[in-house]
A.B. asks: 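Got a structure for you, questions after.
In the text below, chain A, chain B and the rest are named by the order of the sequence lines, each starting its count at 1. Small disclaimer: the values here were computed from a predicted structure and weren't measured.
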2 protein chains.
Amino acid sequence: MSISERKKKILAAVVDEYIRTAEPVGSKAIAANAGLGCSSATIRNELAELVNMGYLEQPHTSAGRVPTPMGYRMYVNELMERQKLSMEETEEINRRLNQRLQELDDTISDVSRLASQLTNYPALALTTQAAVTIKRFDIIYVDANTFIIVVMLSNNSVKNKLVHLPVSVDQPMMQRLSSLFNSGFTGITEDQITPLLINSTERAADDTMGLTSVIAAFAISVLNEAKIPASFVSGENRLLSQPEFRDPDKAHKLMGYLSGGGYILPPGVTMSGPNEVKVLIGPENVAEELKDSSVIIASYDAGDNTKGLIGVVGPTRMDYSAVAEKLSLLAAGLSQRLGGGEGPPEGIHNKLIIKGDISNE
Amino acid sequence: MSISERKKKILAAVVDEYIRTAEPVGSKAIAANAGLGCSSATIRNELAELVNMGYLEQPHTSAGRVPTPMGYRMYVNELMERQKLSMEETEEINRRLNQRLQELDDTISDVSRLASQLTNYPALALTTQAAVTIKRFDIIYVDANTFIIVVMLSNNSVKNKLVHLPVSVDQPMMQRLSSLFNSGFTGITEDQITPLLINSTERAADDTMGLTSVIAAFAISVLNEAKIPASFVSGENRLLSQPEFRDPDKAHKLMGYLSGGGYILPPGVTMSGPNEVKVLIGPENVAEELKDSSVIIASYDAGDNTKGLIGVVGPTRMDYSAVAEKLSLLAAGLSQRLGGGEGPPEGIHNKLIIKGDISNE
DNA sequence: GTTGGCACTCTTGCCTTACGAGTGCTAATA
DNA sequence: TATTAGCACTCGTAAGGCAAGAGTGCCAAC
């Protein structure tokens with residue numbers, strides 16, 4: 001059964017109103033506000049059919065209607081009006097982005113905090129990284145018992161480690177090690193650092209004190225850490241301002257899941273680019289804890305095969321339009337600043353694609 | 001009016017029971033459990049006096065008694081039995097501490113997470129730093145447009161920054177800058193980096209491209225950041241498992257305060273050392289948001305004038321003994337591992353001093 | 001000083017009732 | 001045929017009343 005234009009308008013009105021008030025929406029309210037010239041009785045007939053079709057439901061016989069996940073899905077895919085952000089909001093985002101963005105690693109917590117502040121929902125930021133290699137290897141001799149390892153990665157982040165030794169080393173040895181590592185350990189991934197390689201380096205450096213393995217261990221740990229997706233959740237407390245989380249148990253469960261670094265992107269679902277925003281509504285989420293929440297995700301490109309995700313979690317009664325818009329802008333801004341992006345973040349407004357699991361446009 | 005031994009026992013029984021059950025404690029329950037050989041009527045008389053003295057209060061006429069902040073204070077200062085941690089708990093703490101402790105900076109989030117996990121309350125960790133200076137300055141030449149600044153601080157943490165230039169620089173220039181900074185910018189605090197110093201360095205290096213100010217800016221920002229106390233809150237969601245925070249508004253308010261990095265140590269109150277644990281009960285806290293919560297704080301010494309704090313926040317009905325014990329152990333372990341400490345963390349058990357604002361032992 | 005007994009207070013849970021919001025249905029209407 | 005007005009019906013919510021139970025305070029006896 002196809003859905004008439006009027007039904008669509010009514011559905012949109014129900015969702016809009018419900019998002020605004022968190023109260024079931026009655027026929028009278030729609031007749032009064034939605035501006036389609038018909039009486040509440042007519043609306044009632046239509047509402048009954050929308051319930052039959054699965055877009056709406058009633059908490060109980062004498063209550064108004066509430067959107068089902070399917071209703072939200074329809075709303076997100078076809079009905080919702082794209083909220084243009086106000087000039088102030090757009091500027092606010094850009095201002096904040098410019099404020100401090102150095103390394104991606106420092107930034108991930110900032111990104112999630114920013115997303116949470118802007119949307120007033122809990123937000124989660126994470127980065128994943130394709131194969132990272134070491135680009136450059138330096139060892140700084142501090143004194144006979146101390147040196148600093150400085151490693152520059154293919155994604156242009158720089159890691160260092162201060163090493164204190166129980167024994168003394170001389171400067172030539174450090175220099176030898178530095179150049180050996182710089183030639184032998186650059187351009188390779190973590191699993192290419194084999195015991196064989198370490199051994200041969202150790203022999204070549206004439207290292208009898210196990211320095212080589214200390215340095216190699218650092219190299220491995222750095223590459224390892226870069227591979228593990230870093231994630232950061234913030235603003236969990238904002239959940240509590242949502243009426244659907246007034247039940248502390250419900251809130252506790254979801255917050256626990258989030259703080260535990262729970263993944264929000266279902267396995268197998270991939271993000272295509274910074275212009276795409278994914279919306280996962282209620283049961284479309286795989287995690288049990290998210291089954292009656294919604295998640296909105298944007299991805300950004302941080303250059304050098306580093307992808308980042310920004311996700312926002314809230315009740316299914318979320319302000320999809322505004323949040324999607326904000327995340328999209330944020331993601332575009334990040335892509336642009338962190339290397340991958342090219343277009344100006346303004347342009348994004350006209351290209352925003354919103355997708356979800358059961359979308360089939 | 002002085003307080004009799006029996007009153008003390010009764011008070012302790014009330015607090016213990018209330019901590020356990022979160023329900024007002026009646027005279028019958030005390031007569032049955034506390035093991036002082038007298039009837040509930042006697043207990044009732046004593047309870048009435050304890051109410052008069054301000055140690056207890058009644059939610060309403062026909063309810064049991066609940067400790068007042070003053071009652072908790074007495075309990076913490078004099079009455080509570082020091083809970084020895086079980087072997088497993090002690091080992092758990094040490095195991096977790098050993099697991100990963102590299103730089104203090106990385107650690108602060110781990111410390112707070114750990115404290116929160118161990119105590120099941122939200123926890124906050126922070127470090128403050130007395131004057132930090134630069135100990136060593138290196139500039140690594142990567143290519144004509146790229147170099148890495150590596151700065152080692154007096155607290156032995158190492159910071160780096162990758163700089164991309166729009167113009168080309170030659171290696172000798174970098175070397176010149178490196179050694180100039182290494183001699184001119186080490187051993188001084190942030191406010192000693194004056195425009196004068198920057199200018200003279202610039203001239204000495206023959207730098208016409210503004211490199212000097214880029215590098216100096218990094219030096220300033222590093223020293224600045226080291227000065228700002230880093231703080232990290234985790235486990236906010238654990239608040240929700242406490243019955244006194246079943247009211248979402250109350251929980252939201254406190255969690256908001258915590259996530260905002262709200263300070264928990266009243267200004268002017270200082271921590272004397274890792275063996276001391278401070279307890280701030282309800283209204284003893286200065287922050288309005290903490291007025292009906294309690295805070296338990298331990299401090300650790302991370303070497304080189306760096307002090308750290310671990311704080312745990314909960315309802316006034318907290319398990320003071322267990323939490324204080326755990327925090328103390330954690331703080332001692334951190335002190336020991338991060339440089340400042342000397343004694344083995346086991347020894348701490350016998351020296352634990354618990355203090356608070358109105359303590360006057 | 002301690003204890004048993006008892007009347008009193010106050011909360012909690014439960015039931016009943018009244019109200020109101022919103023529906024579904026029917027019959028009249030354009 | 002689609003729309004509308006009208007009306008009975010349903011159901012959740014708030015308010016009031018009642019009984020049960022926990023715990024106290026006090027008194028008189030020990």
Side-chain angles (χ1 to χ4, degrees), chain A residues 1-11 13-15 17-18 20-68 71 243-244 246-247, chain B residues 1-11 13-15 17-18 20-68 71 243-244 246-247:
Chain A
M1 188 203 306
S2 111
I3 182 168
S4 73
E5 271 315 302
R6 192 170 65 185
K7 280 203 182 58
K8 283 188 184 178
K9 273 191 187 153
I10 292 175
L11 178 53
V14 172
V15 178
E17 184 72 3
Y18 187 61
R20 210 171 55 80
T21 63
E23 298 289 332
V25 184
S27 55
K28 231 180 224 168
I30 300 176
N33 302 327
L36 5 132
C38 58
S39 77
S40 68
T42 311
I43 308 273
R44 273 204 292 285
N45 290 332
E46 296 281 54
L47 286 177
E49 285 181 56
L50 283 167
V51 170
N52 273 339
M53 294 163 86
Y55 292 112
L56 295 175
E57 64 188 350
Q58 282 180 288
H60 52 266
T61 327
S62 69
R65 302 314 207 281
V66 162
T68 60
E244 24 275 283
R246 293 201 70 78
D247 174 10
Chain B
M1 190 201 306
S2 113
I3 182 169
S4 74
E5 271 316 302
R6 191 170 66 185
K7 280 203 182 59
K8 283 188 184 177
K9 273 192 187 153
I10 292 176
L11 177 53
V14 172
V15 178
E17 184 72 5
Y18 186 61
R20 210 173 53 81
T21 63
E23 297 289 333
V25 185
S27 56
K28 233 180 222 166
I30 299 174
N33 302 328
L36 5 133
C38 58
S39 77
S40 68
T42 313
I43 308 272
R44 274 204 291 284
N45 291 330
E46 296 281 56
L47 286 176
E49 286 182 56
L50 282 167
V51 169
N52 273 340
M53 294 164 85
Y55 293 111
L56 295 176
E57 62 188 352
Q58 283 180 287
H60 53 265
T61 328
S62 68
R65 303 312 207 283
V66 164
T68 60
E244 23 275 282
R246 294 201 69 78
D247 173 12

A.B. asks: Apply side chain to side chain donor-acceptor pair (under 3.5 Å) to B:Lys28 and list each qualifying residue two or more places apart in sequence or on a separate chain.
C.D. replies: none
A.B. asks: So which heavy atom on B:Pro24 is nearest to which on B:Pro59, and how close?
C.D. replies: CG-CG, 4.0 Å
A.B. asks: Taking side-chain contact (heavy atoms from CB on, under 4.5 Å) as the criterion, tell me which of B:Leu56, B:Ile43, B:Val14 meets it with B:Leu50.
C.D. replies: B:Leu56
A.B. asks: Indicate for each nucleotide in nucleotides 21-30 of chain C, in 5' to 3' sequence, whether protein heavy atoms under 4.0 Å reach the base (B), only the sugar-phosphate (S), or nothing (-).
C.D. replies: BSBB------
A.B. asks: Under the criterion side-chain contact (heavy atoms from CB on, under 4.5 Å), which of B:Lys8, B:Lys7, B:Arg6 is the partner of B:Ile10?
C.D. replies: B:Arg6
A.B. asks: State, to 0.1 Å, how close B:Pro243 and B:Ala22 come at their nearest heavy-atom pair, and which atoms those are.
C.D. replies: CG-CB, 3.9 Å
A.B. asks: Nearest heavy atom decides the nucleotide; on that basis, is B:His60 or B:Thr42 closer to the 5' end of DNA chain C?
C.D. replies: B:Thr42
A.B. asks: Please report the shortest heavy-atom distance between B:Pro67 and B:Tyr18, naming the atom on each side.
C.D. replies: CD-CD2, 3.5 Å
A.B. asks: Could you state the CG-P distance from A:Leu36 to D:dT3, rounded to the nearest angstrom?
C.D. replies: 11 Å
A.B. asks: Between the side chain of A:Thr68 and the main-chain N/O of A:Gly54, is any donor-acceptor distance below 3.5 Å?
C.D. replies: yes
A.B. asks: Measure NZ/B:Lys7 against C1'/C:dT2 and give the value in whole Å, please.
C.D. replies: 14 Å
A.B. asks: Which residue lies toward the 5' end of DNA chain C, B:Gly37 or B:Pro59, if each is placed at its nearest nucleotide?
C.D. replies: B:Gly37
A.B. asks: When you measure from the side-chain N and O atoms of A:Ser39 to the phosphate of D:dT4, is any distance below 4.0 Å, counting only OP1 and OP2?
C.D. replies: yes
A.B. asks: Looking at every non-hydrogen atom in both residues, tell me the closest pair between A:Ala63 and A:Gln58 and how far apart they are.
C.D. replies: O-NE2, 3.4 Å
A.B. asks: Using the 3.5 Å cut-off, write out each protein N or O paired with an N or O of nucleotides 28-30 of chain D and the distance between them.
C.D. replies:
none

A.B. asks: Starting from P on C:dT11, measure out to CD on B:Glu23 and report it in whole angstrom.
C.D. replies: 15 Å
